[in-house]
**Q** 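Before I ask anything, here is the structure I am working with.
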Amino acid sequence: MELAIFAGLAAVAAVSGVLVVIQRHAVYSALFLIITMGALAGLYILLEAHFVWAVQVLVYAGAIMVLFLFVIMLLNLPREDVPWRPDDFRRILIGGALAVVLVGELVLALLFQAGEQAPALPASPGFGTTETIGRLLFTEFLFPFEVTSVILLVAIVGAMVLAKKQLL
Amino acid sequence: MSELMEALITMLVKVGVVFATLLFVAAYLVWLERKVIADIQVRWGPTRVGPFGLLQPIADGIKLFFKEDLIPGHVDRALFLLAPALSVIPAFLAFAVVPFGGTTTLFGLLPKPVPMYLADIDVGVLYVFGITSLGVYGIVLAGWSSNNKYSLLGGLRSSAQMISYELSMSLSVVGVLLLVGSLRLTDIVRSQEGFLLWPLPKWFVFIQPVGFVIFFTCALAETNRAPFDLPEAETELVAGFHSEYSSMKFAMFFMAEYINMATASAMATTLFLGGPLGPLGPSPVWFVGKVLVLLFVFIWFRASLPRFRYDQLMTFGWKRLLPLAFANLIVTAVAAAALGMGG
């Protein structure tokens with residue numbers, strides 16, 4: 001049952017991930033990206049990480065992608081009419097090389113993991129709840145948590161500087 | 001009957017009841033709105049169809065069903081068809097975690113008490129915010145796929161507005177969450193039991209008045225209601241994102257708007273007005289009563305306030321409401337720490 005749900009969600013995520021790339025229109029690409037995010041959110045539920053699910057939906061699907069769509073619509077991007085050109089060798093070369101590296105990495109990871117596959121442990125009580133995650137963020141992972149917030153602050157200040165260039 | 005079957009049937013019946021109630025609310029909220037606004041403007045409102053025009057929503061529904069379903073030639077077909085559904089589905093889904101009563105045995109008909117909510121999840125508040133934030137896609141895509149500049153403007157305004165007001169809305173709730181120490185809606189209701197100072201009940205509206213005002217203001221904006229109904233501003237955008245829609249697709253946008261109003265009122269009731277709590281124990285009667293009062297206020301606002309200008313809307317959201325919500329949060333946090341309250 002769990003495997004079937006995982007396979008379904010993974011297939012949806014992978015297929016819509018491919019569709020993001022091959023769509024002619026940026027709006028459709030954004031929509032398929034939302035579906036990918038939704039499928040990933042489903043995987044989090046499967047892992048009993050309900051809080052992460054909620055944040056995934058709220059932040060990625062609900063806020064970031066709305067802004068993506070907003071910008072795409074604001075720019076009013078036209079449909080791309082230039083089809084994929086097989087004669088452009090550089091693109092194929094770069095893409096192909098990256099694909100080979102990625103597949104290689106996956107194979108290596110699977111090979112090294114195969115020997116030491118431990119049986120999945122049942123989740124400890126309270127796993128994935130808001131309280132547990134909050135406690136962890138403010139104790140064990142306090143430093144990475146604060147570093148992340150500083151990075152976000154830098155991004156905000158950067159956006160302000162770029163937007164208000166004429167004032168500086 | 002096995003345990004599983006019983007749980008499944010109970011769940012299906014509850015889902016059916018909530019679904020049907022929401023459909024009913026969507027239809028009769030239109031009637032209520034027309035009547036209340038008519039009263040405020042010293043008119044009659046609907047009177048012809050049935051007593052007090054009570055059958056008007058049914059007549060409207062039949063009319064909308066049988067109208068020609070027009071799909072203009074210049075639209076992006078797939079998204080044009082998808083948009084109304086994307087708008088109405090989140091509206092229904094969001095209601096799934098709202099506790100609308102205590103437990104019931106249906107006057108002794110059921111062998112054991114059944115809790116009156118569909119789901120009680122650990123991240124209840126986040127669930128509602130997450131699902132309602134998906135509702136904007138319906139409006140944005142309707143605006144874009146209509147391939148019409150007025151509709152596009154409506155869709156753009158809507159996405160900007162929802163992003164802006166969602167922030168203040170979430171922040172206004174954090175004060176309550178600090179005091180409760182849980183995101184579970186049933187926990188939030190339970191922590192409002194008892195009295196703050198007799199006969200004042202311990203509802204969060206009395207402890208977090210600023211939070212309540214911010215929440216309700218943002219709810220008006222999030223549901224595209226006057227004075228924040230810029231996405232559909234009739235006078236300048238020709239109804240904005242749903243200009244090109246007809247028949248049931250048009251009706252679905254309206255259903256979504258009215259169900260969102262009901263959900264926003266239900267959330268305000270749960271978070272700030274004690275949910276189903278009241279004298280003689282928790283009951284759906286109190287819950288529905290409080291929601292109706294809030295819905296009346298929604299309509300009252302529409303009848304009383306003119307629409308904001310777009311720059312006023314943005315200034316108000318980012319420069320007034322957001323700082324106020326932050327201030328409220330900081331004061332609440334300091335007070336809760338000083339008095340040793342909260343979870």
Side-chain angles (χ1 to χ4, degrees), chain A residues 19 23-35 37-38 40-42 44-45 48-79 123 125-135 138 156 159-160 163, chain B residues 76 78-79 82-83 86 90 93-94 97 119-147 149 151-167 169-170 177-178 180-184 187 222 241 343:
Chain A
L19 286 170
Q23 284 301 313
R24 287 274 179 80
H25 206 298
V27 169
Y28 277 91
S29 294
L31 287 179
F32 280 113
L33 195 53
I34 297 167
I35 295 176
M37 304 265 187
L40 292 181
Y44 291 136
I45 291 192
E48 294 191 36
H50 296 149
F51 180 77
V52 183
W53 170 84
V55 170
Q56 168 91 0
V57 171
L58 190 64
V59 175
Y60 283 97
I64 292 182
M65 289 315 295
V66 174
L67 287 176
F68 264 57
L69 263 187
F70 182 78
V71 171
I72 293 170
M73 283 164 58
L74 200 66
L75 298 175
N76 214 354
L77 291 178
R79 199 177 119 95
F127 174 83
T129 60
T130 317
E131 201 183 331
T132 319
I133 290 179
R135 219 168 276 285
F138 281 104
I156 294 170
M160 291 290 286
Chain B
D76 188 303
L79 292 184
L82 192 65
L86 281 181
L93 280 181
V97 293
D120 184 27
I121 56 175
D122 176 56
V123 288
V125 176
L126 289 180
Y127 170 86
V128 175
F129 280 130
I131 297 293
T132 46
S133 70
L134 296 181
V136 70
Y137 286 120
I139 293 174
V140 170
L141 291 176
W144 182 78
S145 68
S146 291
N147 216 347
K149 47 185 128 162
S151 299
L152 183 67
L153 275 176
L156 284 176
R157 280 183 179 184
S158 174
S159 47
Q161 178 175 330
M162 286 200 156
I163 286 281
S164 311
Y165 281 78
E166 219 171 62
L167 292 172
M169 195 177 197
S170 320
L177 300 179
L178 269 178
V180 179
S182 167
L183 295 172
R184 205 180 274 271
D187 284 348
E222 290 282 302
F241 63 90

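Worth knowing before you read on, the calculation uses all heavy atoms, side chains too, and leaves out hydrogens, waters and symmetry mates. Convention: sequence-line order gives letters A, B, ...; per-chain numbering from 1.
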**Q** Is B:Ile121 close to chain A through its backbone or its side chain, or both, or neither, when contacts mean heavy atoms under 4.5 Å?
**A**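 Contact with chain A: none, neither part.
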
**Q** Which heavy atom of A:Ala63 sits nearest to which heavy atom of B:Ile163, and what is that distance?
**A**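 The answer is O-CD1, 3.7 Å.
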
**Q** When rounded to the nearest 0.5 angstrom, what distance separates OG1 in A:Thr132 from CG in B:Asp122?
**A**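 Between A:Thr132 OG1 and B:Asp122 CG, I get 8.0 Å after rounding to 0.5 Å.
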
**Q** What part of A:Val27 is in contact with chain B, defined as an atom under 4.5 angstrom from a non-hydrogen atom: side chain, backbone, both or neither?
**A**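 Answer is side chain: those atoms of A:Val27 sit under 4.5 Å from chain B.
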
**Q** Is the number of heavy atoms from other residues, nucleotides or ligands under 6.0 Å of A:Tyr28 OH greater than 12?
**A**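 Atom OH in A:Tyr28 is crowded, with more than 12 foreign heavy atoms closer than 6.0 Å.
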
**Q** Counting only non-hydrogen atoms closer than 4.5 Å, does A:Leu31 touch chain B with its backbone (N, CA, C, O), its side chain (CB onward), both, or neither?
**A**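 The side chain, not the backbone.
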
**Q** What pairs of donor and acceptor atoms, side-chain ones from residues 125-139 of chain B against any protein atom, are under 3.5 angstrom apart with sequence neighbours left out?
**A**
unit_1	atom_1	unit_2	atom_2	d
B:Tyr127	OH	B:Leu93	O	3.0
B:Thr132	OG1	B:Val128	O	2.7
B:Thr132	OG1	B:Phe129	O	3.1
B:Ser133	OG	B:Phe129	O	3.3
B:Ser133	OG	B:Gly130	O	2.7
B:Tyr137	OH	A:Ala61	O	2.2
B:Tyr137	OH	A:Val66	N	3.4

**Q** Would you mind reporting whether A:Leu69 and B:Leu141 have side-chain heavy atoms less than 4.5 Å apart?
**A**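 SC-SC contact between B:Leu141 and A:Leu69 confirmed.
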
**Q** Non-hydrogen atoms of chain A under 4.5 Å away: do they reach the side chain of B:Leu156, the backbone, both or neither?
**A**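 It is both, since atoms from each part get that close.
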
**Q** Which distance, rounded to the nearest 0.5 Å, do you find between the CG of B:Leu183 and the NE2 of A:His50?
**A**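 Nearest 0.5 Å value for the CG-NE2 distance: 13.5 Å.
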
